[in-house]
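Values reported hereafter were calculated over all heavy atoms of this structure, with side chains retained and with hydrogens, waters and symmetry mates removed.
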Amino acid sequence: MTSGGFDPNQGQRPFGGQQYGQPHYNGAGQQQYGQQFGAQPQFDSAQEFGTQPFTQPDFGFDPTRPGDLLPRLGARVIDGLIVGIPLAVVTTVISLVVGTFLGSLLGAILTAAAAVGYFVFLETTRGQTLGKQLLGLRVVGPNGGLPTQQQSLTRNGFYVLCALGGFPFLGFLFGLLGVVAAVVIGVTINGSPTKQGKHDELAGGTRVVQG
C-alpha cells in the first residue's frame, strides 16, 4: 500500500495473461467477434446468390434440327470418294487379270456390296458415316435411336443401282435408274419440312439431323 491509497500491483495481470484494461473473450467469443467485425462470410450454397449451374457449351449442333440438303450431298460425295477410289483400283486390277468383261462384272458386284456395307455398318453402329461426321450430321431411326440394319439397307439401297451401272450391256439401264433415284431423293429432301427424303420414308421414317 502506497500513499494516496493506490496499489500499483492491483489490476495488473500475471505474465502472459490478459492485458490491463482489455476485455476477455473465450474461443467462441473470438469467433463471434471475428464474424461481426470483418471476417469472410460463409456461403452454404451458390444457388442462394443466383449462380447458374454449369451447363454443356453449345457448339452449334442441334440434334432436333434436320440436316439440310447441301451438307447431306457433301457428305455423300465424301463417302463416295472414300469407298469409290479404293474400289476403282481393285476393279482395274481385276480387269487386268481376268479380262474386261468379267472384270467389269465382278467390279460392279463388289462395288455394290462394299458401298451398301459401308453405309449400313457405320449407320447402325455409329449413326454416321465418315462424311456425315465431318459435316456434323447423324442418321437416327424413327424412334430417335440408331437405325436398324433393315432401315439402313432400305435407305441406301439405291447405291446398288448406281454400282450396277458398271455391268456389261445392262449397266446403262441400272445407272440411269440410279440417277433417277438420286434425283427423287434430292427433290423430296428439299421439299420436306423435316428434310426426309423418299428413301427415309421407305425406311420407316429415318431422319438425318445435326449432331
*First locate atom CZ of Arg138, then atom CD of Gln210, and finally report the distance between them rounded to the nearest 0.5 Å.*
12.0 Å
_If you define the side chain from C-beta out and look only at heavy atoms, does anything of Val139 sit under 4.5 Å from Arg155?_
yes
*Leu73 CG to Asp68 CG distance, which is reported to the nearest 0.5 Å*: 12.0 Å
*State yes or no: do Leu102 and Leu87 share one hydrophobic cluster built from I, L, V, M, F, W and Y residues joined by side-chain heavy-atom distances below 4.5 Å, directly or via other members?*
yes
*asked:* Please tell me whether Leu161 and Val187 are part of a single hydrophobic cluster in this structure, the criterion being side-chain heavy atoms less than 4.5 Å apart.
replied: no
*Grab the two heavy atoms, one from Tyr118 and one from Gly131, that are nearest each other, plus how far apart they are.*
OH-N, 4.3 Å
*Applying the 4.5 Å side-chain criterion to the ILVMFWY set and letting contacts propagate, would Val179 and Val77 be lumped into a single cluster?*
no
*For residues Ala163 and Ala108, report the shortest heavy-atom separation together with the two atoms involved.*
O-CB, 3.7 Å
*Considering only heavy atoms from C-beta outward, does the side chain of Lys132 approach that of Val208 to under 4.5 Å?*
yes
*Any donor-acceptor pair under 3.5 Å linking the side chain of Gln128 with the backbone of Leu137?*
yes
*Grab the two heavy atoms, one from Asn156 and one from Val116, that are nearest each other, plus how far apart they are.*
O-CG2, 4.0 Å
*For the atom pair OG1 (Thr194) and CD1 (Ile189), what is the distance rounded to the nearest 0.5 Å?*
10.0 Å
_Hydrophobic clusters here meaning ILVMFWY residues chained together by side-chain heavy-atom distances under 4.5 Å, can you tell me if Val97 and Leu110 are in one?_
yes
*Examine Tyr159 and Ile82 and state if one hydrophobic cluster contains both, with Ile, Leu, Val, Met, Phe, Trp and Tyr joined whenever side-chain heavy atoms are less than 4.5 Å apart.*
yes
*Taking Glu123 for its side chain and Thr129 for its backbone only, find out whether a donor-acceptor pair lies under 3.5 Å.*
no
_Validation row: Gln133, Leu130 side chains within 4.5 angstrom (heavy atoms)_ = yes
*Could you state the interatomic distance from CG (Asn143) to OG1 (Thr206), rounded to the nearest 0.5 Å?*
11.0 Å
_Nearest-0.5 Å distance, CG of residue Leu106 to OG1 of residue Thr111_ = 10.5 Å
*Report the residue from Arg207, Lys195, Arg72 that forms a salt bridge (charged side-chain N to carboxylate O under 4.0 Å, His left out) with Asp200.*
Arg72
_Gap separating the CG atom of Leu176 from the CG atom of Leu170, nearest 0.5 angstrom_ = 12.5 Å
_Minimum heavy-atom distance between Gly165 and Phe174, given as atom pair plus value_ = N-CB, 4.0 Å
*Atom of Ser104, atom of Ser95 and distance for their closest heavy-atom approach*: N-OG, 4.0 Å
_For Pro193 versus Pro66, what's the shortest heavy-atom pair and its separation?_
O-CG, 4.3 Å
*asked:* Any heavy-atom pair between the side chains of Leu146 and Thr124 that's under 4.5 Å?
replied: no
